[in-house]
S.K.: 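So that we are looking at the same thing, I have put the structure below in structure tokens.
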Amino acid sequence: MESATRNRKTLFTHLCAHDLAGLEAHLKALYAGLPHDWYRNNPIARYEGHYASVFYSHFAALGVNVTVEDASHHGKVDMTVDFAGHIYLFEFKVVEQLPEGSALAQIKARGYADKYRGQGKPIHLVGVEFSRERRQIVAFEVESLQAS
């Protein structure tokens, strides 16, 4: 129980400080801690939803404002977090299914940030890519937009 509390506090600290590099390291450690038996004879790791649900559960447990499948005029971004005066838009991809670098590119190409631009908050576009073979985050690309 102490480990879970420490993990929540560490993520919350990174989020409060808008420390996306620290958040990346924390989330990689989280995935490294998932038992390999959860993957054996189980096709769930092939799918983006598996990885996204771990992200969602982790952020929701912190009590932050999380929206999944956040619809806009050109589609849906996988997860939006509105916290401490910042907006975080997360797109998740499994690299064995799509070319690497496609998560952040999709956020930008589809203009997912557009609906948040008038709020006066900094917006962070976060493309997260997973490898089902490595069972880990293999890319964590961030682009930050200034408040407008």
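Computed from heavy atoms alone, side chains included, the values below leave out hydrogens, waters and symmetry copies. Predicted, not measured: the structure shown is a model, and the values here were computed from it.
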S.K.: For the residue pair Leu145 and Leu125, establish whether any side-chain heavy-atom pair is separated by less than 4.5 Å.
M.R.: yes

S.K.: When rounded to the nearest 0.5 angstrom, what is the spacing between CG in Asp82 and CG in Asn65?
M.R.: 5.0 Å

S.K.: So, the side chain of Gln136 versus the backbone of Lys28: is there a donor-acceptor pair under 3.5 Å, distance only?
M.R.: yes

S.K.: So Tyr31 and Phe55, would you call those rings parallel, tilted or perpendicular, with 30° and 60° as cut-offs?
M.R.: tilted

S.K.: Is it true that a side-chain atom of Lys115 and a backbone atom of Ala71 form a donor plus acceptor pair closer than 3.5 Å?
M.R.: yes

S.K.: Restricting to salt bridge (charged side-chain N to carboxylate O under 4.0 Å, His left out), what partner residues turn up for Lys76, sequence neighbours left out?
M.R.: none

S.K.: Indicate yes or no for a side-chain donor-acceptor contact from Glu141 to the backbone of Val128 under 3.5 Å, with no hydrogens or angles considered.
M.R.: no

S.K.: Only counting residues at least two apart or in another chain, list the ones meeting salt bridge (charged side-chain N to carboxylate O under 4.0 Å, His left out) with Asp19.
M.R.: none

S.K.: Kindly give the heavy-atom pair with the smallest separation between Ser102 and Glu129, and that separation in Å.
M.R.: N-OE2, 3.0 Å

S.K.: Looking only at side chains, do Tyr112 and Asp78 share a donor and an acceptor under 3.5 Å apart?
M.R.: no

S.K.: Are Phe83 and Phe59 an aromatic pair by the rule of ring centers under 6.0 Å?
M.R.: no

S.K.: Under 6.0 Å between the ring centres of Phe92 and Tyr51?
M.R.: no

S.K.: With no hydrogens and no angle check, is any side-chain donor or acceptor of Ser57 less than 3.5 Å from a backbone partner on Val54?
M.R.: no

S.K.: Identify whether the distance between the nearest side-chain nitrogen and carboxylate oxygen of Lys93 and Glu91 falls below 4.0 Å.
M.R.: yes

S.K.: For His74, which residues count as a ring pair (Phe, Tyr, Trp, His ring centres under 6.0 Å) partner, sequence neighbours excluded?
M.R.: none

